[in-house]
Amino acid sequence: MLSLASSSHVTAELVILVGAAVVGGFAANLLRLPVIAGYIIGGLIVGPSVANLVLDIEDVAFITELGIALLLFTIGLEFPLQQFRRLGSRLLGAATVQMVVLGAVGYVIGQAFGLSSSACVLIGGATAFSSTALLVRVLSQSGDRKRVAGQWALGIALTQDLVAVPLLVVLPQIGESSGSALVEDILISIGKGVGLVVAVLVIGRIVIPWALRQVLETRSRELFLLATFAVASGIALGSFAAGLSLAFGAFLAGLATAQSPYAARALHELVPLRDLFAATFFVSVGVLLDLAVVAEEWGLFLSLLAWGALGKIILIFVLAQWARFDAKRALRIGLLLGQMGEFAFLLASVATANAANEAGPVVIAVGTVSMALSAIALRFSARLEQAIERVRFVRRLPAATLHTGAETVELKQHTVICGYGDTGRELAQILDSRGFHFLVIDSDPGLLDELGGSAIPFIWGDLANAATLDEAQLDSARVVAVTLSDAIVSEAIVERVRREHPRLHIVARGSGPGVAARLTAAGANAVVDPSLEGGFEIAHHTLHRYGITLQEIRQTLVGRRREHFG
């Protein structure tokens, strides 16, 4: 049992970490930097390398691992297995090539600096994986999670997680023994992992749904939160007791709970706790950054940083181009995944003592710095994307290859739907229900699998490419509906269509008065603001409950629409 002195010591360190997160995040916000970078820098300042306010690194490492475990539990809760089926084989191929190439070169870098094989395996594994925690946070804040580039990046990150989890089981055995003894130890570890997976999935199908249902019947939020946390921590501790890692068990617990109908409720209840632990995690990795190690091992540090960050961005950019993304989206995916992630810290914590001593501090340093740099790069990603599009070599790269479906159909008086996201799909379903013809245009790689065998005419290609619009039979079209959320691409499409087809009716999606004004100036006949229309619909129902007539409500909303669009 912890003594009062040791307990107060851990509490004081936790208070310092949370305080560093608040101050660092606030300062980053004032400087217009991402809060994640502020968290990491705040941790560095209170850590041993600077102010030396946090002395017990073991406590911080435990807090870091606990934070990662909770993050992996929530990732398991919302693990979108159906996403892999939609995004297809190219995603799995790109993820596999990326991990193999990055891991292999990372291993070679370790060999070049004279490290042992076990340390090189640690470096290779850490280099191959990106930060799912950083990715999920960035996608949630930017609203890019439902866009194709964000979904593709998340799919690659989750594929990495699937590979990293069994690596956590095997890595502790590498270096401890050799020959047949090593094979035996690895097989035993794999057997434990498989046994735990089977046991947890059985529990998740039978026990967890029943237990959570009993708790829900009490109608107590607090009790449900405690029960969910108990499931996560109990399975994680069971994994630890079996000689595996806490993170491995937490991820399995999330997968098991996701089988129940209460997964969405569990995730909702855990979001505030997850965000708190995420902030604590990023501060903790700042504390663990040892500047002395960076100075002593600067050659290895810079080599791994260059390969684990910049090299990863370039490799993923090339793979995304292979998957038929245009240069802008390919760069976005590379930036989202261009860092070493939380698995670098986990691998360093479970590696053998020899490997951890040789490479652990450098791996942690590279992971910390790469996450901070990645967060900053993503903050200025729009400028980077504009800059790379000006590079002559990039402009010459082939954009998404043009591909058409239902090519034999000659369309007349049809609607051209630019963008097949949620808005475009809804429009297509309504047009189809009324028997009106339409043509879909999008550059989502999943469109080929989704519509390839259907009777829906579609063009799969880069919407910013003039050749794509040229294939849309605009001469005989009746309406062009631009449903994209990207205002810049939407404006370019509207401008081109209006210039070449002056009489064609154009309706475009645009959020905000400034965007609506630009789209109108570019030639749109009508601009629809989704957030504004949602507010109007809610206002309609609210005013009706006050006894306002439908005619008065219409007049009020017409006035507000005129005020909004000027």
Side-chain angles (χ1 to χ4, degrees), residues 80 83 86-87 135-155 320 325-333 335-336 378-386 389 399-400 415-430 438-447 450 458-465 468-469 472 479-497 506-537 564-565:
Q83 177 173 296
R86 192 175 77 81
L87 293 177
L135 175 63
V136 170
R137 191 173 183 87
V138 169
L139 291 179
S140 299
Q141 291 176 342
S142 64
D144 288 343
R145 190 162 185 173
K146 291 187 177 181
R147 296 178 183 175
V148 61
Q151 290 181 354
W152 219 72
L154 184 59
F325 281 99
D326 56 78
K328 182 178 178 179
R329 287 182 175 180
L331 176 63
R332 178 69 175 172
I333 295 170
L335 291 174
L336 286 170
L378 286 167
R379 172 66 176 79
F380 301 102
S381 60
R383 297 180 184 177
L384 292 173
E385 290 165 3
Q386 292 174 1
E389 287 181 329
T415 296
V416 178
I417 303 175
C418 298
Y420 202 54
D422 294 338
T423 304
R425 291 169 194 272
E426 188 63 32
L427 174 58
Q429 289 179 9
I430 293 173
F438 61 91
L439 171 72
V440 172
I441 305 178
D442 205 312
S443 58
D444 183 346
L447 193 68
E450 183 178 348
F458 73 93
I459 297 174
W460 181 73
D462 182 11
L463 282 163
N465 192 330
T468 304
L469 287 174
V479 180
V480 171
V482 184
T483 67
L484 302 170
S485 57
D486 190 324
I488 297 176
V489 176
S490 297
E491 186 178 350
I493 293 173
V494 170
E495 186 177 4
R496 177 178 175 81
V497 172
I506 305 172
V507 57
R509 170 184 174 179
S511 299
V515 174
R518 291 200 303 272
L519 289 171
T520 302
N525 298 94
V527 178
V528 178
D529 187 331
S531 59
L532 184 71
E533 297 303 325
F536 284 171
E537 188 67 19
H564 182 80
F565 290 106

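Hydrogens, waters and symmetry mates play no part in the numbers below; they use all other heavy atoms, side chains included.
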Original post:
Roughly how far, to the nearest 0.5 Å, is the CG atom of D422 from the CG atom of L427?
Top reply: 12.5 Å
Original post:
How long is the gap from CD1 on I506 to CZ on R496, to the nearest 0.5 Å?
Top reply: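 Going from the CD1 atom of I506 to the CZ atom of R496 covers 12.0 Å.
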[X] and [Y]: which non-hydrogen atoms are nearest, and at how many Å?
X	Y	value
I459	L439	CD1-CD2, 3.9 Å
G510	P530	O-CD, 4.2 Å
A472	I441	CB-CD1, 3.8 Å
A153	L135	O-CD2, 3.6 Å

**OP:** Indicate yes or no for a side-chain donor-acceptor contact from R509 to the backbone of V528 under 3.5 Å, with no hydrogens or angles considered.
**Re:** no
Original post:
side chain to side chain donor-acceptor pair (under 3.5 Å) with E426: which residues, sequence neighbours excluded?
Top reply: none
Original post:
Who are the salt bridge (Lys or Arg N to Asp or Glu O under 4.0 Å) partners of E491, not counting sequence neighbours?
Top reply: R518
Subject >> Matching residue for C418 among T483, V494, V480, V440 - test: side-chain contact (heavy atoms from CB on, under 4.5 Å) >> reply: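 The option that passes is V480.
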**OP:** Kindly indicate whether the side chain of V489, heavy atoms from C-beta on, has any atom under 4.5 Å from the side chain of I493.
**Re:** yes
Original post:
Excluding sequence neighbours, so at least two apart, what forms side chain to side chain contact (heavy atoms under 4.5 Å, CB included) with T415?
Top reply: I417, L431, F438, V479, A481
